[in-house]
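We number each residue from 1, following the sequence as shown. Keep in mind that the numbers below use all heavy atoms, side chains included, and drop hydrogens, waters and symmetry copies.
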Amino acid sequence: MKTTLFYNGICHSMKGQYDVFSAFTVSGGRIVRVYKKDEAQKLCLSDFEDKVDLLGKHVYPCLIDGHTHMLLTVAVMAMGFNACEITKDGVEPHTIAGVRERVSNYAAKQKKDAVIAINNYIRTAIDERRMPTREELDDWCGGRAVVIYNIDGHSTSLSSAMLKKIGIEPDGHSGVLTGEENERAQGRLIDAVGGAISLPTLARGIANFHNYCAEYGIGVVGALEGNGDSKNDTTTKLIIHLARHFDVGVRLYLQYTDLRRVEPYVKWMMHKRVGGCGDWEMDGASGSHSAAFAEPYIDTGKTASCYYDRETVDRLCAEAEEQGYQIASHAIGDLAIKRLLDAYDKLDCKRLHRIEHAEFADDETFRRICRGKYAIMAQPGYSWIDKRYLHTYEQVLPEQTRARMKFKSYYDAGVLICGSSDSPVQDMDPYLQMLGMVQFYNEEESLTPYEALTTYTSYAAQALEEGDERGTLEEGKVADFFIADEDFSSLTPERVVDFRPAQTYYGGKAYKPMDGTVGNLLRLLLKRPHLI
């Protein structure tokens, strides 16, 4: 088996900020040996037929984005566009009229029977502070089937044709879904959007996904897929089969509460996993007024309830734990986090369970998380954007609730707090999330650049229960790494978001961008399938 020497580099193991070495060998897709500087100087380069001069550049283990919705990400990359964009001057467009112009222009170029998925609508930055109605979408899009996703992923606007596609009678319905009604329609929406993807469009979306991951140095994604409201969930089945051939590692979390629907896929999983969002959501999101808080929202004076009662959550978690699944569950508001923790604390946990988001734990719940054995999947890039451009939290949450947002406190307590994107709710850019860590919403809770990087490497690997396989550059681990011109740890906070790898390697082989053709996709699918 061929051995390749990578030499003349500054290789950051991520076992400690100052743990570096100069060279390493790769064989069979794994790191065979690492060489400290003095050892590397004694190497005879002529002994190695295959070698790569790192030219004094910095080497890091590939990043892990532990919370994505990959199917919808691929769909958006293939066939969608953003309703709003965040610019240095604010959000544009910021009126319903501005959104109408953008959506109408796009729809006019599509076929009459087209299905249109529009992402990144920012309700709290729109002057009217609302989602478009069904009647407006019908008018803007000429009767086409359209869905617009709010930026938090917990509110959607649907045209009459789209409502019909997912089995909702349009007459008398505003077309705006929020709260539980929205969450319980996501599988049918994904079926409608996914069913409209052609083979060339799918090829383009998968190529864009791969190229995007490689551009940012992402080696593995946690893919939270499947929704119980879809009877056959054909599009989820398709993306699972495709993902087994991807160059980017995929770790599947199926969002079914009926574990019988998960069982057929266990044979393809590296570890048994279940949950995420979808049917495993304890609540919604603050921007959609569906996150469950003890205190009312300041703009409405109302509260939102948890989606499940205590007995149901206890039962779901107990069944999953008993059958050997790692659990991931979405919980944002303080009441939702407590409900999930109450269920976790009753388990005789033999594995690491996850809390997705966990933004607003109160002080006692924070202490419970620190005492337990849990991983948190966080997306602080959103709060960074919100504080500067959207001001959602200021509009809807009391000051004392916002003050409870923590990051450094979790990190210092040894909690596995991990960076992730929640793509396509947010862009997959990991350096935006790390910017949100080094300039956290509450400044005293900010991390250093090195600490931020650990949340995407060693911490994220442990949260996937793969700390012995990846997350650090060590002998015996998978040779997924990237090369960069700069030392990430030395960056100022302002420069974190502009950091980019120069080259990404999967299994010790340099990634070559995919061209998005059907032929390129077919060649990918001829590769030997692997566990997900």
Side-chain angles (χ1 to χ4, degrees), residues 63 65-86 91 99 102-103 106 115-123 131 146-158 162 177 182-183 185-197 201-202 204-213 215-216 218 220-227 235-236 238-239 242-243 246 248 250-253 255 276-278 281 284-285 287-288 330 356-357 377-382 385-386 390 419-433 436:
L63 309 182
D65 185 339
H67 183 124
T68 72
H69 301 283
M70 187 177 65
L71 171 58
L72 197 53
T73 298
V74 168
V76 168
M77 287 182 172
M79 59 188 292
F81 74 100
N82 288 339
C84 302
E85 301 290 348
I86 300 170
V91 174
V99 174
R102 192 164 191 175
V103 172
Y106 180 86
V115 173
I116 301 173
I118 303 169
N119 210 45
N120 215 53
Y121 184 89
I122 307 177
R123 185 189 65 82
M131 302 287 290
V146 182
V147 56
I148 295 183
Y149 292 91
N150 192 37
I151 190 172
D152 64 10
H154 292 269
S155 296
T156 49
S157 290
L158 283 67
M162 185 63 87
L177 305 184
N182 181 71
E183 318 310 337
Q186 291 309 302
R188 287 169 285 157
L189 274 172
I190 290 173
D191 282 347
V193 174
I197 298 178
T201 304
L202 179 65
R204 185 168 65 251
I206 289 175
N208 290 344
F209 174 78
H210 273 81
N211 295 342
Y212 219 56
C213 287
E215 177 187 349
Y216 290 127
I218 296 171
V220 170
V221 299
L224 284 52
E225 310 297 333
N227 288 274
T235 47
T236 295
L238 173 63
I239 200 66
L242 295 175
F246 283 6
V248 176
V250 175
R251 299 297 178 262
L252 181 65
Y253 289 81
Q255 299 174 142
C277 299
E281 287 178 340
S288 294
H330 165 120
E356 311 303 300
H357 315 304
M377 287 290 154
Q379 300 83 32
Y382 180 87
I385 293 170
D386 187 83
L390 311 183
S420 57
S421 66
D422 201 7
S423 176
V425 175
Q426 293 183 74
D427 190 283
M428 287 187 72
D429 182 355
Y431 307 106
L432 170 60
Q433 301 302 327

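Separation of the His67 and His330 ring centroids does not fall under the 6.0 Å cut-off.
Counting only heavy atoms from C-beta outward, the side chains of Val250 and Val220 never approach each other to under 4.5 Å. Proximity of Thr68 to Tyr253: side-chain heavy atoms (C-beta onward) are nowhere separated by under 4.5 Å. The shortest distance between side-chain heavy atoms of Arg204 and Phe209 does not fall below 4.5 Å. Using a 4.5 Å heavy-atom threshold, the side chains of Asp422 and Met377 count as separate. At a threshold of 4.5 Å between non-hydrogen side-chain atoms, the residues Met162 and Val146 do not count as touching. Asn227 has its side chain out of reach of Leu189: every pair of non-hydrogen atoms, C-beta onward, lies at least 4.5 Å apart. Inter-residue side-chain proximity for Thr156 and Leu158 is flagged as met; some heavy-atom pair is nearer than 4.5 Å.
Using a distance-only test at 3.5 Å, with no hydrogens or angles considered, a donor-acceptor pair links the side chain of Gln255 to the main chain of Cys277. No donor-acceptor pair closer than 3.5 Å links the side chain of Gln433 to the backbone N or O of Asp429. Side-chain N or O atoms of Glu225 include none that pairs as donor or acceptor with a backbone N or O of Thr236 at under 3.5 Å. Between the Glu85 side chain and the Val91 main chain, no donor and acceptor come within less than 3.5 Å of each other. Here the side chain of Asp386 pairs no donor or acceptor atom with the backbone of Tyr382 at under 3.5 angstrom. The backbone N or O of Ile197 sits nowhere less than 3.5 Å from a side-chain atom of Thr201 that would complete a donor-acceptor pair.
The line from CD of Gln186 to NE2 of His69 is 9.5 Å long, rounded to the nearest 0.5 Å. Between the CG atom of Asn119 and the OG atom of Ser423 there is a distance of 8.0 Å, given to the nearest 0.5 Å. Ile239 contributes atom CD1, which lies 6.5 Å from atom CG of Leu202 (distance to the nearest 0.5 angstrom). Atoms CD and CG, on Gln426 and Asn120 in that order, are 9.0 Å from each other to the nearest 0.5 Å. Of the inter-residue distances, the one linking Met77 atom CE with Met428 atom CE reads 6.0 Å to the nearest 0.5 angstrom.
When every heavy atom of Val193 is checked against every heavy atom of Ala75, the shortest pair comes out as CG1-CB, 4.1 Å. Across all their heavy atoms, Met131 and Ser155 have their closest contact at CE-O, 3.9 Å. What you find for Ala185 and Leu177 is that their closest heavy atoms are CB-CD1, 3.9 Å. Nearest heavy-atom pair, Gly276 versus Leu224, reported as atom, atom and distance to 0.1 Å: CA-CD2, 3.4 Å. Between Leu63 and Tyr216 the shortest heavy-atom distance is CD1-O, 3.7 Å.
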>> Quick one, His154 with Asn182, criterion side chain to side chain donor-acceptor pair (under 3.5 Å). Give me CA distance, side-chain angles, the key distance, then yes/no.
In response: CA-CA 7 Å; His154 292 269; Asn182 181 71; 5.1 Å; no
> So Ile118 and Phe81, side chain to side chain contact (heavy atoms under 4.5 Å, CB included) or not? Walk me through it.
Replying inline: CA-CA 5 Å; Ile118 303 169; Phe81 74 100; 3.5 Å; yes
>> Assess the residue pair Tyr212 and Val248 against the criterion (side chain to side chain contact (heavy atoms under 4.5 Å, CB included)); give the C-alpha distance rounded to whole Å, side-chain angles, the decisive distance to 0.1 Å, and a yes or no.
In response: CA-CA 10 Å; Tyr212 219 56; Val248 176; over 6 Å; no
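Taking the six-membered ring where the residue is Trp, His210 and Phe246 present perpendicular rings, their angle passing 60° and hence far from 30°.
Scanning for salt bridge (Lys or Arg N to Asp or Glu O under 4.0 Å) contacts around Asp191 gives an empty result, with sequence neighbours left out. The salt bridge (Lys or Arg N to Asp or Glu O under 4.0 Å) search around Glu356 returns Arg354, not counting sequence neighbours. For the salt bridge (Lys or Arg N to Asp or Glu O under 4.0 Å) test, no residue two or more places apart in sequence or in another chain qualifies with Arg123. In this view, Ser421 and Asp65 satisfy the side-chain hydrogen bond (donor to acceptor under 3.5 Å, both in side chains) rule, not counting sequence neighbours. Under the rule for a side-chain hydrogen bond (donor to acceptor under 3.5 Å, both in side chains), Ser157 has no partner lying at least two apart in sequence or in another chain. Under the ring-ring contact (aromatic ring centres under 6.0 Å, His included) criterion, Tyr121 pairs with no residue, sequence neighbours left out.
The residue from Ile385, Asp152, Asn82, Ile151 that alone fulfils the side chain to side chain contact (heavy atoms under 4.5 Å, CB included) condition with Ile122 is Ile151.
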